[in-house]
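Below, each value reflects all heavy atoms present in this structure, side chains not excepted, and no hydrogens, waters or symmetry copies. This one's a predicted model, so the numbers in the text were calculated from it and none came from an experiment.
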2 protein chains.
Amino acid sequence: MYSAVMSTPERLIEATRALLWDRGYVGTSPKAVQQAAGAGQGSMYHHFAGKSDLALAAIRRTAEELGAEVEAVLGGGGTAYSRIEAYLLRERDVLRGCPVGRLTMDPEIIADPVLRTPVDEVLGRVRARLAAVVQEGLDDGEFGTRLDAEDVAATILATVQGGYVSARAAGTRDSFDRAVRGLLGLLAPRTTGH
Amino acid sequence: MYSAVMSTPERLIEATRALLWDRGYVGTSPKAVQQAAGAGQGSMYHHFAGKSDLALAAIRRTAEELGAEVEAVLGGGGTAYSRIEAYLLRERDVLRGCPVGRLTMDPEIIADPVLRTPVDEVLGRVRARLAAVVQEGLDDGEFGTRLDAEDVAATILATVQGGYVSARAAGTRDSFDRAVRGLLGLLAPRTTGH
DNA sequence: GTCTATAGGCCGATAGAC
DNA sequence: GTCTATCGGCCTATAGAC
């Protein structure tokens, strides 16, 4: 139940965001949204055309928020390695998973270009931002040679997204943390050679 | 609709496996299973106690199959690197995602220990198998030094699971392939040093 | 803007005939 | 084993009063 200081549309969007995160699109019903938002049936349909319209507003906001958070971490100062480390180690509710990545498992979202687009766009932006940082690191000789920045960026994003999967399967964030440590180990500047 | 040469329970399990893969647990209804299996309502409830019982049979079989496939690839000959490469490059229906990993996004599966256990177990076994191969590679000096085999194994599994997420978001397998290439680049024996 | 009433259909399951 | 009938409840809206 969201605070009454928020407008009804606001509360509906926030309730939908939380439900999409936890239960996905298929598992989220208008009725559940209304109850969580403290709004009536007629009220919801007055402000939004229907379930998919409400989901679109929720997804857009979640995507926007994620994009801003990632930019805040990757746009900071320090070496490329330290910024990637900061991205990988940033606070996460690991067992809850990624509010955006989770949506890719929903067939109805993947099948609908309107709903899929914001999901595709943020993940694409995160990947591009990671690639830029990796490229900086390559230019500065921070990482091993002969690496492709776009490829490594895809690996970093995938490690995070897949880390959630492992962690949720196990019921503990342990495997997420392991995956991140493993990746950092592979990325780490090897000053001693081998 | 599954071939009539299969018994009714067989057809029900196979239909459930396909639906769980594509639509998840929440998105899979007994009615849809019956139609796909060509079985009636009463028939389904005669062979299985209900939706979760049927899902359990389906999940167990899918998990078993995945475990065997992974073992076939990782248990083969060649260097550790080449076996990991074979695992990463094995044929996959990338846009369909992982039939096991997908289930971790289902709150009802994660919340039910009976349904979650087979999911947790296979992914755990895959990770352990990967770790053994990585350790062999470390012992043979194939990889950079100072790496933890368990951590790297978690990274490999996560890259695959997360690769599916990226690919489904984009609607193309491209980012999956990139993530894999990036990981192989990071793992690659660097004979030239840097 | 919000409410209640109503709709047709699916949900997951049970009962009992054949 | 498989069938049809039936269940209470939820799904996603729509309609129209207030």
- How many Å lie between CD on A:E10 and P on C:dG1, as a whole number? 14 Å
- Go through the side-chain N and O atoms of A:R23 and A:T28 and say whether any donor and acceptor fall under 3.5 Å apart. no
- Query: C:dG12 P sits how many Å from B:Q35 CD, rounded?
  - Reply: 13 Å
- Item | Distance below 4.0 Å between B:H46 side-chain N/O and D:dC3 OP1 or OP2 | no
- Message: Do A:R92 and A:Y87 form a cation-pi contact, if we require the NZ or CZ to be under 6.0 Å from the six-membered ring centre and within 45 degrees of the ring's axis?
- Response: yes
- Answer yes or no for A:R102 and A:W21: cation-pi contact, defined as NZ/CZ to six-membered ring centre under 6.0 Å and angle to ring axis within 45°. no
- Only one of B:R90, B:R129, B:R125 forms a salt bridge (Lys or Arg N to Asp or Glu O under 4.0 Å) with B:E69, so which one is it? B:R90
- Item | Between C:dT14 (P) and B:M44 (CE): distance, integer Å | 10 Å
- Rounded to whole Å, CG of A:L19 lies from C1' of D:dC11 at a distance of 15 Å
- Query: Hey, any chance A:L19 and A:L66 share a hydrophobic cluster, counting ILVMFWY side chains that come within less than 4.5 Å of each other, even indirectly?
  - Reply: no
- Any link between A:Y25 and A:M44 through a network of hydrophobic side chains (Ile, Leu, Val, Met, Phe, Trp, Tyr) touching at under 4.5 Å? no
- Is it true that atom CZ of B:R173 has more than 12 heavy atoms of other residues, nucleotides or ligands lying nearer than 6.0 Å? yes
Which atom pairs link the protein and nucleotides 12-14 of chain D when you take only N or O atoms and keep those under 3.5 Å?
unit_1	atom_1	unit_2	atom_2	d
D:dT12	OP1	A:K51	NZ	2.9
D:dT12	OP2	A:P30	N	3.4
D:dA13	OP2	A:K51	N	3.2
D:dA13	N7	A:Q41	NE2	3.0
D:dA13	N6	A:Q41	NE2	2.5

- Do the side-chain N or O atoms of B:T8 get closer than 4.0 angstrom to the phosphate oxygens (OP1, OP2) of D:dT2? yes
- Query: Hey, can you pull the residues of residues 110-118 of chain A with a non-hydrogen atom under 4.0 angstrom from DNA chain D?
  - Reply: none
- Item | A:Q41 and A:Q34 side chains, donor-acceptor separation under 3.5 Å | yes
